[in-house]
Structure formats: C-alpha cells, structure tokens
Amino acid sequence: MAEIVLFHHALGVTPGVLSFADTLREAGHTVHVPDAYDGVTFSDTDEGVAHAGAVGFDVVMARSVAATDGLPADVYYLGMSLGVMPAQYLAQTRPGARGAVLLYSAVPLGELGDAWPEGVPLQMHLMADDPFGDLPIARSLADAVPGAELHVYPGETHLFAEESSPDYDPAAAAQLRARVLAFLA
C-alpha cells in the first residue's frame, strides 16, 4: 500500500482531517498528518486563513515541507486547500514523488516549480462554484499535466469533504473519497 503525507487546510488538523486520514489508513495506507499550526484549530475559514497570515504563509509552508524530512521519497502528497501549497510543491520538486491529490484548490505551474514532473500522476477535486476553489487554475493545470484527473462537483462550498466543516456535502465527500482511494490503489 501507499505512504501518504496529508497536509491540512486553513482550519488546522481538525476532526475532519483526521477522519479523512483514518479512511486512508483503513484502506491499508500509511498516512502522516503534519501539523503546521502546532495544535491550533479553527471552525471558521476566515479565522484560519488570518492565522496562517499572522504566522506567515512562508512559515506554514516551511513547517509543512520540513515535516517530510526523514520520510521516504516515494510518497503521495495530498493537500487540502491551504495544504495544496506544500503538497503541490513537493510533488513538483522532490524527486521520487509517487503522485499528488489536490483537494479544493490548485496553484498555477511556475509558482511552486517550473513544470510538472514526468510520470507523477495528479488528481484534483473542486466544486464548480467554490469562490475559493481556483477552478480555472485547476483546469489549466489539468491541461498541462498528461493524464491528470480533474473532478468537478456541483455546488458552491469549499471544504466539501471536511466532516467537521459547515461546507460538508456528504454525497460529494463520498464520491471524492472513493475517487481518491481508487487513485491511490
């Protein structure tokens, strides 16, 4: 089975993040969940983003990347919203990455690395009308990465697979989890 690094969103390592990690573990995967917030969590996205800004997005990124020191190179990187930054960065720049799953967001090529590495699979999940979802960026990334999967769900929430968020959409979350598990298999 796969070894996975799951980077949390702006709310921190919430019960929903841990539940997602447990779903992956129940499928037989090894999952690491670095905490770039040192245990602080939020129930409001704006508060979580403000916290990341106060700590410094560069610091959050550095903590997340540093958490992979000592891990094997051949891991999958999964990022949830804010966590997409380190997941995508490491998938693009750390040799040996097995793949990347980007949930709720994406970063344009060129911002975290010049190109997507050949042979590193990519899967993305966003809602069609999510005001934070970066759908045009995700579409551009999907067009640039051969074989990339882009799954767009109907709706307008952001953290739609986050069980502890008011954005939670059970039907979309179930579909997302099934697709992620298939990708990792």
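What's counted below: heavy atoms across the whole structure, side chains too, no hydrogens, waters or symmetry copies.
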Which pair of non-hydrogen atoms, one from [X] and one from [Y], has the smallest distance, and what is that distance?
{"X": "P121", "Y": "G119", "value": "CD-O, 3.3 Å"}
{"X": "Y37", "Y": "A52", "value": "OH-CB, 3.3 Å"}
{"X": "L109", "Y": "A144", "value": "CD1-CB, 3.5 Å"}
{"X": "A91", "Y": "Y77", "value": "N-CD1, 3.8 Å"}
{"X": "A161", "Y": "R177", "value": "O-NH2, 3.7 Å"}
{"X": "G79", "Y": "V84", "value": "O-CG2, 3.4 Å"}

Output the distance between atom [atom1] ([X]) and atom [atom2] ([Y]), rounded to the nearest 0.5 Å.
{"X": "T45", "Y": "L159", "atom1": "OG1", "atom2": "CG", "result": "5.0 Å"}
{"X": "H51", "Y": "D44", "atom1": "NE2", "atom2": "CG", "result": "13.5 Å"}
{"X": "M61", "Y": "L90", "atom1": "CE", "atom2": "CG", "result": "7.0 Å"}
{"X": "L135", "Y": "S140", "atom1": "CG", "atom2": "OG", "result": "11.0 Å"}
{"X": "L184", "Y": "I4", "atom1": "CG", "atom2": "CD1", "result": "4.5 Å"}

Would a 4.5 Å heavy-atom cut-off, applied to side chains only, mark [X] and [Y] as touching?
{"X": "L78", "Y": "L24", "answer": "yes"}
{"X": "V101", "Y": "H125", "answer": "yes"}
{"X": "V120", "Y": "W116", "answer": "yes"}
{"X": "M127", "Y": "D167", "answer": "no"}
{"X": "V55", "Y": "R63", "answer": "yes"}
{"X": "L102", "Y": "L122", "answer": "yes"}
{"X": "E3", "Y": "H32", "answer": "yes"}
{"X": "E162", "Y": "L103", "answer": "no"}

Within 6.0 Å of CG in D114, more than 12 heavy atoms from elsewhere | no

Y89 atom OH: more than 12 heavy-atom contacts under 6.0 Å | no

May I ask you to decide if the ring planes of Y153 and F160 are parallel, tilted or perpendicular, using 30° and 60° as cut-offs?
-> tilted

Taking the six-membered ring for Trp, are F183 and Y76 parallel (under 30°), tilted (30 to 60°) or perpendicular (over 60°)?
-> perpendicular

F7 vs T68, side-chain contact (heavy atoms from CB on, under 4.5 Å): CA-CA, chis, key distance, verdict = CA-CA 11 Å; F7 297 102; T68 65; 3.9 Å; yes

Give a yes or no answer on whether the side chain of [X] reaches the backbone of [Y] with a donor-acceptor pair at less than 3.5 Å.
{"X": "D134", "Y": "I137", "result": "no"}
{"X": "S19", "Y": "P15", "result": "no"}
{"X": "Q92", "Y": "A115", "result": "yes"}
{"X": "E47", "Y": "F42", "result": "no"}

Is it possible for you to say whether M1 and V33 belong to one hydrophobic cluster, with membership spreading through side-chain heavy-atom contacts below 4.5 Å?
-> no

Under a single-linkage definition using a 4.5 Å side-chain heavy-atom cutoff for Ile, Leu, Val, Met, Phe, Trp and Tyr, are L6 and Y168 assigned to the same hydrophobic cluster?
-> no

Taken in chain and number order and not counting sequence neighbours, the residues that satisfy side-chain contact (heavy atoms from CB on, under 4.5 Å) with A27 are H29, L181

Compute the ring centroids of H9 and Y104, then answer whether they are less than 6.0 Å apart.
-> no

Could you go through the side chain to side chain donor-acceptor pair (under 3.5 Å) check for S81 and H158 one step at a time?
-> CA-CA 8 Å; S81 191; H158 187 58; 2.6 Å; yes

Determine, stepwise, if the pair L126 / L150 fulfils side-chain contact (heavy atoms from CB on, under 4.5 Å).
-> CA-CA 8 Å; L126 295 94; L150 173 58; 3.8 Å; yes

Test side-chain contact (heavy atoms from CB on, under 4.5 Å) on H8 and T41 and set out the steps.
-> CA-CA 10 Å; H8 65 79; T41 61; over 6 Å; no

Stepwise, does the side-chain contact (heavy atoms from CB on, under 4.5 Å) test hold for L82 with F57?
-> CA-CA 9 Å; L82 177 69; F57 289 103; 3.9 Å; yes

